[in-house]
Structure formats: structure tokens, C-alpha cells
Amino acid sequence: MDSPIAVIGGTGRVGRLVARQLLARGESVRVIGRSTQRARRHNPPLAQFFAADVRAPATVRTPLHGCSAVVYIVEPGTDDAGPDSPETTLHTGVRHVLDALLAASGSPHFVLVSQRHVTRRDHPMNAYGRMLDWRLAGEDAVRSSGLPYTVIRPGWLTDEPGHGHLHLEQGDVGDGRVARPHVADACVEALYSPAARGVTFEMRSEVGPGAGSPPWDELFTGLRADTPTAARAALA
Ligand SMILES: NC(=O)c1ccc[n+]([C@@H]2O[C@H](COP(=O)([O-])OP(=O)(O)OC[C@H]3O[C@@H](n4cnc5c(N)ncnc54)[C@H](OP(=O)(O)O)[C@@H]3O)[C@@H](O)[C@H]2O)c1
């Protein structure tokens with residue numbers, strides 16, 4: 001791509017894999033997170049680190065300026081209310097990033113890592129600061145932003161070295177674990193596949209021996225596009 005790609009949460013366990021893959025493809029990568037120490041520990045020097053907090057809108061404007069794409073992989077707090085509640089990162093933070101992107105020129109692809117179960121309000125995960133409700137609100141903000149987007153809903157994340165066949169699903173009815181490397185691959189591949197634009201999907205990896213690289217274009221092409229939602233005015 002012609003301009004840098006921002007990985008918000010790029011110091012995290014999935015985010016650092018995304019940043020490395022993008023660098024390996026020759027992209028210019030901006031890693032965004034709060035901890036400089038974490039960036040030093042987990043990111044190669046080639047990744048440009050910007051200390052910023054998605055809860056503080058003024059801090060994200062400079063690192064996002066001029067980016068051709070954004071991958072948002074932020075882990076929420078679990079307090080019921082206050083600065084460490086899921087609302088602040090899963091909804092307000094997403095909106096801060098969208099506002100910064102929409103205020104600048106261009107139309108960057110927004111890849112949002114959400115999670116399975118977001119539409120199931122009675123799931124136990126929603127007991128943590130209404131995490132699922134706020135994730136869904138963040139998804140809706142992205143879907144109605146007018147930007148090209150991909151919403152990825154992983155199930156429970158694992159770090160098992162061998163991960164078998166990957167399944168992409170829709171409708172948020174299933175369950176299952178997914179390997180972090182599969183999620184990172186999906187974030188990166190989505191940026192290069194037109195079929196991954198305007199879709200929301202869940203991910204599940206089969207437990208078993210490594211199955212080689214998934215056929216990404218085929219998987220994305222098999223997805224149903226989201227129903228077009230109201231324009232950005234819906235966010236106001
Ligand atoms: N664990 C699961 O089973 C599971 C299941 C489904 C979905 N997910 C989601 O999958 C994603 C990836 O998970 P992971 O294991 O890679 O998470 P992780 O290792 O905990 O990384 C989270 C990243 O978020 C950044 N971050 C947190 N708060 C931030 C803020 N206010 N502003 C900017 N950056 C912030 C962290 O950096 P700093 O702390 O330095 O800011 C870090 O880079 C997360 O969104 C997670 O919620 C997880």
C-alpha cells in the first residue's frame with residue numbers, strides 16, 4: 001500500500017503478529033498502544049511506535065493521519081463503569097478512531113477485531129461491564145461509518161502451535177476456539193481481498209495438526225455481505 005497501516009493494539013499477542021506480517025509484506029507499519037516498554041519488548045524496530053490511548057481522542061490523531069488502513073485489536077477492561085470499563089475501548093475508543101479517520105481525507109479500510117457472542121446478550125461474558133453490548137455498539141459504529149471495513153469475531157483465543165482447518169461462519173450462532181495466528185492472518189488478508197470488504201464473520205479453528213495456509217480468497221468469497229446500514233449520521 002502507498003501509505004502506512006496503523007495497528008492499534010499492535011503490541012498485543014494478536015497485534016504483534018499482524019504488525020510482523022505487514023512488515024514482511026513490505027508495508028510501513030505504525031503500532032499504536034499505551035506502553036512504550038511493551039512495544040520495545042514485542043515489536044521489531046522497523047515498526048514505528050506511537051504512544052496513544054484510544055480513550056483520549058487527541059492522542060490518536062497524529063498516528064492515524066495519512067494511514068491507508070487501520071487494524072483495531074484492543075483488549076478492554078472489565079469494570080462495570082469508569083475508565084476501565086469495556087464501553088471506553090470497545091465503543092467510545094472505536095468512535096474516537098473513526099472520528100479521526102473521517103476528519104482526515106481518504107477512505108482507509110477499517111479492520112475491527114470483535115468477538116463471538118456479541119449478539120447474545122444473555123451470554124456470561126456480558127456480565128463484565130456489558131462487554132458484549134459495547135462490542136456490538138462498536139461494530140455498528142464501524143459498519144455505519146461509510147468506510148470500507150471488515151469485522152472479525154474470533155471465539156476463545158488459543159496459542160497452540162499446531163492449528164487445523166479454519167472455518168469462517170456468520171450469524172453468531174456457533175461456538176469454538178480459534179488460534180491467534182489465524183486471527184492475525186485474517187486481519188492481514190482482509191486488507192488485500194476485495195471480497196473481505198463489508199462483511200462480518202466469526203472464526204473457528206479445528207483442533208488438530210497444522211493444515212497449511214487457509215484459502216483466504218475462497219473463504220472470503222463464500223461470505224454474505226452485510227446489509228447496508230444507515231450512513232454516518234446514525235453515529236451522531
Ligand atoms: N482472549 C480471548 O479469548 C478473546 C476472544 C475473542 C476476542 N478477543 C479479542 O481479541 C483481541 C486480541 O486479543 P489479544 O490476546 O491479542 O490481546 P492483548 O494481548 O491483551 O493485547 C491487547 C492490546 O490492546 C492494547 N490496548 C489496551 N487498551 C488500550 C487503549 N486504551 N488504547 C490503546 N491500546 C490499548 C494493548 O496495549 P497497551 O496495554 O500497551 O495499551 C495491547 O496492544 C482483543 O480485542 C480481545 O479482546 C479475545
Side-chain angles (χ1 to χ4, degrees), residues 6-21 29-43 47 49-64 70-79 82-98 100 110-120 123-126 128-139 142 150-160 163 169 172 174-188 190 200-205:
V7 186
I8 308 176
T11 60
R13 285 160 292 180
V14 173
R16 69 187 75 141
L17 300 178
V18 172
R20 280 179 189 274
Q21 282 194 33
V29 175
R30 294 181 182 172
V31 166
I32 299 173
R34 293 166 301 174
S35 165
T36 307
Q37 203 181 9
R38 210 172 173 189
R40 279 205 198 102
R41 195 178 310 138
H42 296 300
N43 296 118
F49 178 70
F50 290 82
D53 185 329
V54 294
R55 299 169 298 182
T59 67
V60 296
R61 285 183 204 127
T62 300
L64 292 174
V70 173
V71 184
Y72 192 102
I73 328 175
V74 173
E75 176 75 8
T78 53
D79 289 354
D84 290 321
S85 66
E87 177 182 8
T88 61
T89 47
L90 301 182
H91 181 238
T92 315
V94 169
R95 289 191 56 162
H96 289 155
V97 170
L98 287 170
F110 197 120
V111 175
L112 176 69
V113 176
S114 177
Q115 75 178 97
R116 229 182 234 286
H117 306 123
V118 280
T119 64
R120 295 182 250 176
H123 190 279
M125 287 294 289
N126 213 20
Y128 299 96
R130 292 179 52 216
M131 182 179 296
L132 299 177
D133 292 344
W134 290 117
R135 276 228 199 253
L136 187 59
E139 286 189 7
V142 171
T150 308
V151 174
I152 300 175
R153 294 171 170 170
W156 188 262
L157 298 176
T158 72
D159 291 310
E160 287 151 20
H163 40 275
E169 300 163 351
D172 197 20
D175 222 323
R177 297 171 174 239
V178 62
R180 279 190 171 85
H182 270 159
V183 180
D185 288 353
C187 293
V188 173
T200 299
F201 61 89
E202 294 85 50
M203 298 185 69
R204 174 170 62 83
S205 315

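As the structure lists them, so they are numbered: ligands from 1, and atoms in each ligand from 1. In this text, all values refer to a predicted model and were calculated from it rather than measured experimentally.
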Do Arg120 and Asp172 sit within salt-bridge range, that is, some charged N less than 4.0 Å from a carboxylate O? yes
Atom CZ of Arg40: over 12 foreign heavy atoms under 6.0 Å: no
Under 4.0 Å from ligand 1 - residues by heavy atom, chain and number: Gly9, Thr11, Gly12, Arg13, Val14, Gly33, Arg34, Ser35, Arg38, Ala52, Asp53, Val54, Arg55, Ile73, Val74, Glu75, Pro76, Thr89, Val113, Ser114, Gln115, Arg135, Pro154, Gly155, Trp156, Leu157, Arg180
Run the numbers on Thr11 and His42 for side chain to side chain donor-acceptor pair (under 3.5 Å), then give the verdict. CA-CA 6 Å; Thr11 60; His42 296 300; over 6 Å; no
List the residues meeting side chain to side chain contact (heavy atoms under 4.5 Å, CB included) with Pro83, not counting sequence neighbours, and say none if there are none. Arg55
Under 3.5 Å donor-acceptor pairs involving side-chain atoms of residues 31-39, not counting sequence neighbours:
residue	atom	partner	partner atom	Å
Ser35	OG	Gln37	N	3.4
Ser35	OG	Arg38	N	2.9

Excluding sequence neighbours, so at least two apart, what forms side chain to side chain contact (heavy atoms under 4.5 Å, CB included) with Thr200? Glu139, Arg143, Tyr149, Val151, Arg153, Asp226
